[in-house]
Amino acid sequence: MAERQDLTCDVAVIGAGTAGISAERAARKAGARTLLIDPWFRGTLCANTGCMPSKLLIAAAHAAHAVRHAPVFGVNPGSLAIDGQAVMARVREERDRFVAFTKETFDDLPEGTAVTGRARFEGPGQLVLEDGRRIASRAIVIATGSEAMIPPPFRDLGPRVLTTETLFEIPDLPERLAVIGGGPIGLEMAQAMGRLGVRVTLFDNSTTLAKARCAAVHDALKEAVSRDLTLRLGCETSAEAVDGGIRIDWTGDDPGRAVFSHVLVATGRPPNLKGLDLDRSGLALDDHGTPVFDRQTMQCGDSAVFIAGDADADVPLLHEASTEGAIAGRNAAAFPDVAPSERNTAFTLTFTDPPVASVGASPEDGTICGRSDYGNQGRARTEARAEGVMSVYADADGRLTGADLCCPGAEHLSHLLAWAIESGATAPQILSMPFYHPTLEEGMKAALREICGKTSQPVPESRDFGNLPGG
Ligand SMILES: Cc1cc2nc3c(=O)[nH]c(=O)nc-3n(C[C@H](O)[C@H](O)[C@H](O)COP(=O)(O)OP(=O)(O)OC[C@H]3O[C@@H](n4cnc5c(N)ncnc54)[C@H](O)[C@@H]3O)c2cc1C
Ligand SMILES: NC(=O)c1ccc[n+]([C@@H]2O[C@H](COP(=O)([O-])OP(=O)(O)OC[C@H]3O[C@@H](n4cnc5c(N)ncnc54)[C@H](O)[C@@H]3O)[C@@H](O)[C@H]2O)c1
């Protein structure tokens, strides 16, 4: 039998996804000898089964929608034919390119850094791989990601029940799809499938989609997605495998039953910590079994263990995984000289059409709110996509604190608002910036002026405040 080769390093990173790659890189940059441990090194969740394949499917849906919408402009492209197999083949082909890019990162690692295996805690600060090799390290970063949660009624019903681990592997578009869960995954995939000609019903046991914080934004989102799919909110579902599909029974205002060729379960992604034997780690765990940590240092208590990405269940988003990895890796290398880092303004963006975004503080009592209606906005009208709203929040001095939006261009407008909030800008300061005409950005002016009015902040005198020509 080959002799076991224990491994030694300064920083051991568990998980080679976005957070782990970033942590290893940051620790190495800080001078640490690192190990990056993963059972597969398959590339990141983002590239394989997350952000990128989902956006590829959405891109196909946009193309179908544009063709369907073209007659509004007097452009008649003829009848629309969607080749489901070609749609899915392109998703996989382009996805594989993204995966190959992320895998190139592993080729660039110094010799011996990548360790194939599954790590778990054997004791405080002690890691072991399933083949028995032990890892001696000064610090550890946990970056094991998240996994799809499948509620009991949908378990063990066979391959017709999909998660995003399997959705992008289906050879053809489903005939009739039930989507369980109206969070970002459910909404993005349900609308995309609907636009690609799939009959889609989206079920959520809550009455709020995408955890929307603003009623006007929620109404706009509901109205938009209802054009592409059937929404059933506030209902419980049960499911059974039957000939040719999965039968779903639902409760609620309009209870019923239907058979779907496929079901996509998108009911949340808890952290993937099960196999880590955290009970042996000596770390303080919360009620869900997740290590208690400081989000400015990513340190778990005062231990030499750090956590980053979806594994910490804080903000399961790509840019946060990457930032948290960098903070955790740098601090793991410097341990015990751990330094806090400023975190970015909270920001979520769901890629529906129109997109829905939340930035910064929520519309709490005492916050000033200004609103822009995009239902008649000039540039949006030229493109026959005038709909939705933007709510912008500010403190009593007119300083922007948050925003909720569901309107054309929200993907970009929400970035501008996040940057404005993070730079501490006030409504009058943003109003004195240049606004080109005709643009979707001009639509923001109404909300900003309303904030000026409500906070007695002067609208800049050198700017006209009448209605814009054309909308
Ligand atoms: C369908 C979908 C769409 C998404 N779209 C977006 C989007 O548009 N924008 C956005 O910001 N976010 C999006 N996200 C979220 C984003 O993809 C995640 O927040 C991010 O990829 C998490 O990165 P991570 O490094 O934490 O996890 P991962 O990339 O999953 O990495 C975890 C790694 O840990 C490894 N691992 C697990 N257990 C062990 C162990 N015991 N030992 C060693 N290794 C282990 C795994 O093999 C894996 O490689 C989406 C997610 C999904 C599912
Ligand atoms: N554009 C993006 O940034 C993007 C896109 C996709 C995913 N993500 C990330 O992935 C994470 C996971 O996404 P998600 O949409 O799976 O989770 P989520 O937790 O955000 O939403 C889950 C939804 O499912 C509903 N639900 C839960 N249990 C249910 C049940 N038994 N029956 C019916 N409905 C049920 C919830 O009410 C909720 O609306 C998100 O938190 C997000 O951070 C981000």
Side-chain angles (χ1 to χ4, degrees), residues 12-23 35-55 57-58 102 115-121 127 129-130 142-154 163-165 167-168 178-190 202-212 232-239 248 250 264-277 307-322 324-325 347-352 355-357 411:
V13 179
I14 314 174
T18 300
I21 292 170
S22 159
L35 290 178
L36 182 61
I37 306 158
D38 197 286
W40 301 292
F41 286 95
R42 70 167 190 163
T44 61
L45 165 80
C46 166
N48 274 286
T49 57
C51 325
M52 303 317 283
S54 58
K55 269 74 234 177
L57 193 75
I58 290 171
T102 63
V115 175
T116 303
R118 186 177 286 280
R120 62 182 172 80
F121 282 87
L127 293 179
L129 301 177
E130 72 263 67
I142 300 171
T144 48
S146 57
E147 59 183 351
M149 186 262 287
I150 305 183
F154 299 97
T163 65
T164 45
E165 278 298 304
L167 174 69
F168 307 112
V179 175
I180 315 296
I185 295 183
L187 280 168
E188 289 181 358
M189 295 299 88
L202 187 150
F203 299 91
D204 201 302
N205 54 14
S206 126
T207 49
T208 307
L209 290 168
K211 300 187 180 88
R232 297 206 173 276
L233 301 184
C235 57
E236 298 297 329
T237 46
S238 60
I248 294 186
W250 65 90
L264 172 65
V265 178
T267 50
R269 295 183 57 87
N272 177 21
L273 300 169
K274 274 197 308 282
L276 284 176
D277 288 350
I307 191 164
D310 285 11
D312 65 34
D314 185 20
V315 195
L317 295 173
L318 193 280
H319 66 280
E320 299 283 7
S322 168
E324 290 178 358
F347 183 9
T348 64
L349 171 57
T350 300
F351 294 88
T352 44
V356 58
E411 175 179 344

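Each ligand, and each atom within it, is numbered from 1 in the order the structure gives.
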Ligand 2 to Asp204 polar contact by distance, N or O atoms, under 3.5 Å: yes

Between His319 and ligand 1, does any nitrogen or oxygen pair lie at a separation below 3.5 Å? no

Contact (N/O only, under 3.5 Å) between Ile185 and ligand 2: yes

Give the residue, atom name and distance (to 0.1 Å) of the protein heavy atom nearest atom 24 (O) of ligand 2. Gly181 CA, 3.3 Å

Between Val265 and Pro151, is any pair of side-chain heavy atoms under 4.5 Å apart? yes

Give the atoms of ligand 1, by number and element, whose distance to some non-hydrogen atom of Lys55 is under 4.0 Å. 5 (N), 6 (C), 7 (C), 8 (O)

For ligand 2, note which part of Thr267 has a heavy atom under 4.0 Å away: side chain, backbone, both or neither. both

May I ask you to test the Asp38-Arg118 pair for a side-chain heavy-atom distance under 4.5 Å? no

Counting from 1, what ligand 2 atoms have a heavy atom of Pro151 closer than 4.0 Å? 31 (N)

Identify the closest protein heavy atom to atom 15 (C) of ligand 1: which residue and atom is it, and at what distance? Pro316 O, 3.6 Å

Give the contacting part of Glu188 toward ligand 1: side chain, backbone, both or neither, where contact means a heavy-atom distance below 4.0 Å. neither

Is it the side chain, the backbone, both or neither of Glu236 that has a heavy atom closer than 4.0 Å to ligand 2? neither

Below 4.0 Å from ligand 2: does a non-hydrogen atom of Met149 turn up there or not? no

Side chains of Val179 and Phe203, heavy atoms from C-beta outward: is any pair under 4.5 Å? no

Where ligand 2 meets Phe351 - atom numbers and elements under 4.0 angstrom, heavy-atom basis: 1 (N)

Considering all heavy atoms, the nearest Gly20-Leu36 contact: O-CD1, 3.8 Å

Given 3.5 Å as the limit, does a donor-acceptor pair link the side chain of Thr267 with the main chain of Met149, or not? yes

Can you see which heavy atom on Gly186 is nearest to which on Leu202, and at what distance? O-CD1, 3.7 Å

Relative to the heavy atoms of Lys211, which atoms of ligand 2 are at a distance of less than 4.0 Å? 18 (P), 19 (O), 20 (O)

Using a 4.0 Å cut-off to any heavy atom of Pro39, which atoms of ligand 1 qualify? 43 (C), 44 (N), 45 (C), 47 (O)

List every atom of ligand 1 that sits less than 4.0 Å from any heavy atom of Ser54, numbering the atoms from 1 in the order shown and giving each element. 3 (C)

Counting heavy atoms only, which part of Glu320 comes closer than 4.0 Å to ligand 1: side chain, backbone, both or neither? neither

Is there any N or O on Leu317 that sits under 3.5 Å from an N or O of ligand 2? no

Shortest reach to atom 30 (C) of ligand 2 by a heavy atom, considering only Ile150, Asn205, Ile58: Asn205

Nearest to atom 46 (C) of ligand 1, what protein heavy atom do you find, and at what distance? Asp38 OD2, 3.4 Å

Taking N or O atoms only and a 3.5 Å limit, does Arg269 qualify as a polar contact for ligand 2? no

Answer whether the closest heavy-atom distance between the side chains of Arg269 and Leu45 falls below 4.5 Å. yes

Ligand-side contact atoms (ligand 1) for residue partner Gly117, heavy atom cut-off under 4.0 Å: 43 (C)

Using a 4.0 Å heavy-atom cut-off, which part of Ala148 comes near ligand 1: side chain, backbone, both, or neither? neither

Closer than 4.0 Å to some heavy atom of Pro316 - which atoms of ligand 2 meet that? 9 (C), 41 (O), 42 (C), 43 (O)

Only heavy atoms of Ala143, strictly under 4.0 Å: list the atoms of ligand 1 that pass. 32 (C), 33 (C), 34 (O)

Quick one: which ligand 2 atoms are inside 4.0 Å of a heavy atom on Glu188? 1 (N), 2 (C), 5 (C)

With distance as the sole test, does Asn272 use its side chain to make a donor-acceptor pair with the main-chain N or O of Gly145 at under 3.5 Å? no

Those atoms of ligand 1 less than 4.0 Å from some heavy atom in Gly145: 26 (O), 27 (O), 32 (C)

One residue to check: Leu276. Relative to ligand 1, which of side chain, backbone, both or neither has a non-hydrogen atom less than 4.0 Å away? side chain

Side-chain contact, heavy-atom cut-off 4.5 Å: Glu324 with Asp314? yes

Thr350 N/O under 3.5 Å from ligand 2 N/O: no

Asp310 and Leu317: which non-hydrogen atoms are nearest, and at how many Å? OD1-N, 4.0 Å

Just so I know, are the side chains of Ile185 and Ser54 near enough to count as touching, which here means a heavy-atom distance under 4.5 Å? no

Minimum non-hydrogen distance to atom 39 (C) of ligand 1, winning option of Leu36, Thr144, Thr164: Thr144

Counting from 1 in the order shown, the ligand 2 atoms closer than 4.0 Å to a non-hydrogen atom of Ile180 are 32 (N), 33 (C)

Best match, Leu349, Val315, Val356: closest heavy atom to atom 3 (O) of ligand 2: Leu349

Does Pro184 approach ligand 2 within less than 4.0 angstrom via side chain, backbone, both or neither, non-hydrogen atoms only? both

With a 4.0 Å cut-off on N to O distance, would you call Arg42 and Glu165 a salt bridge? yes

So between Asp310, Ile185, Asn272, Leu45, whose heavy atom ends up nearest atom 29 (O) of ligand 1? Leu45

Closest approach of any protein heavy atom to atom 41 (N) of ligand 1, naming residue and atom: Ala119 O, 3.1 Å

Any side-chain heavy atom of Phe154 within less than 4.5 Å of one from Ile248? yes

Less than 3.5 Å between some nitrogen or oxygen of Thr18 and one of ligand 1, yes or no? yes

Please confirm whether Thr49 comes within less than 3.5 Å of ligand 1 when only nitrogen or oxygen atoms on both sides are compared. no

Heavy-atom donor-acceptor pair, Thr18 side chain to Ser322 backbone, under 3.5 Å: no

If you count the atoms of ligand 2 from 1 in the order shown, which ones are under 4.0 Å from a heavy atom of Gly183? 15 (O), 21 (O), 23 (C), 39 (O)

Work out which heavy atom in Gly325 is nearest to a heavy atom in Ser22; give both atom names and the distance. C-OG, 3.3 Å

Can you tell which of Gly325, Cys51, Gly50 gets a heavy atom nearest to atom 16 (C) of ligand 1? Cys51

Is there at least one pair of N or O atoms, one from Ala308 and one from ligand 1, spaced under 3.5 Å apart? no

Report the member of Ala321, Pro271, Pro53 with the shortest heavy-atom distance to atom 23 (O) of ligand 1. Ala321

Look at Arg120 together with Glu130 and state whether they make a salt bridge at an N to O cut-off of under 4.0 Å. no

Counting only heavy atoms, which portion of Phe41 has something under 4.0 Å from ligand 1: side chain, backbone, both, or neither? neither

Could an N or O of ligand 1 be found under 3.5 Å from any N or O of Ala19, whether backbone or side chain? yes

Hey, does Ile142 have a side-chain heavy atom less than 4.5 Å from the side chain of Leu273? yes

Numbering as shown, the atoms of ligand 1 that approach Gly309 to under 4.0 Å (heavy-atom distance): 26 (O)

Would one find an N or O of Leu318, backbone or side chain, under 3.5 Å from an N or O of ligand 1? yes

Can you list the ligand 2 atoms lying under 4.0 Å from a non-hydrogen atom of Ser206? 37 (O)

